[in-house]
Amino acid sequence: MTTNQSSAAMLKALGHPVRLGIVRALAVQPETCACDFTELFAVSQPTISQHLKVLREAGVVSTRRRGVQICYSVRPEAIAELRELLEGLAPAALADVG
């Protein structure tokens, strides 16, 4: 997958309010179990699982098994890629242009 495709997949995954909220929650509390998200959002456990699957497949989050639970964390590499992308979209300052 090219960088543009990867970035587009991550942006698309973050385009849903619940998924964006999940990533924001993970930024504050890494290693969160999927079951803990049902308390934060007014959606069912299967819906949370589907949102987490989308985030995982887009490369935004990673998983780690802890006993029978699966814990999620934001991938620092994904945030770095998105930061680089967004910084590249900022207009150049006049001093930088000429």
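In what follows, residues are counted from 1 in the order of the sequence shown.
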Does [X], at its [atom1] atom, have more than 12 non-hydrogen atoms belonging to other residues, nucleotides or ligands within less than 6.0 Å?
X	atom1	answer
Gln29	CD	no
Arg24	CZ	no
Glu84	CD	no

Practice prompt. Measure the acute angle between the ring planes of His51 and His16, then classify it against the limits of 30° and 60° as parallel, tilted or perpendicular.
Written response: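 Ring orientation of His51 relative to His16: tilted.
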
Discussion item. Test of understanding: clusters of I, L, V, M, F, W, Y form through side-chain heavy atoms closer than 4.5 Å, transitively. Do Ile48 and Val54 belong to the same one?
Written reply: no

Rounded to the nearest 0.5 Å, what separation is found between the [atom1] atom of [X] and the [atom2] atom of [Y]?
X	Y	atom1	atom2	answer
Leu85	Arg83	CG	CZ	12.0 Å
Leu14	Leu55	CG	CG	6.5 Å
Ser49	Arg56	OG	CZ	9.5 Å
Arg66	Cys71	CZ	SG	3.5 Å
Ile79	Met10	CD1	CE	8.0 Å

[Y] and [X], any side-chain heavy atoms less than 4.5 Å apart:
X	Y	result
Leu82	Leu11	yes
Gln45	Cys35	yes
Phe37	Leu52	yes

Judged by atom type as modelled, is there a donor-acceptor pair below 3.5 Å linking the side chain of [X] to the main-chain atoms of [Y]?
X	Y	answer
Ser7	Asn4	no
Arg75	Gly59	yes
Thr32	Tyr72	no
Arg19	Ala13	yes

Response to the item:
Ala78 and Val60 have their tightest heavy-atom pair at CB-CA, 3.9 Å

Item to complete: Give a yes-or-no answer on whether the side chains of Thr3 and Glu81 include a donor-acceptor pair shorter than 3.5 Å.
Response: no

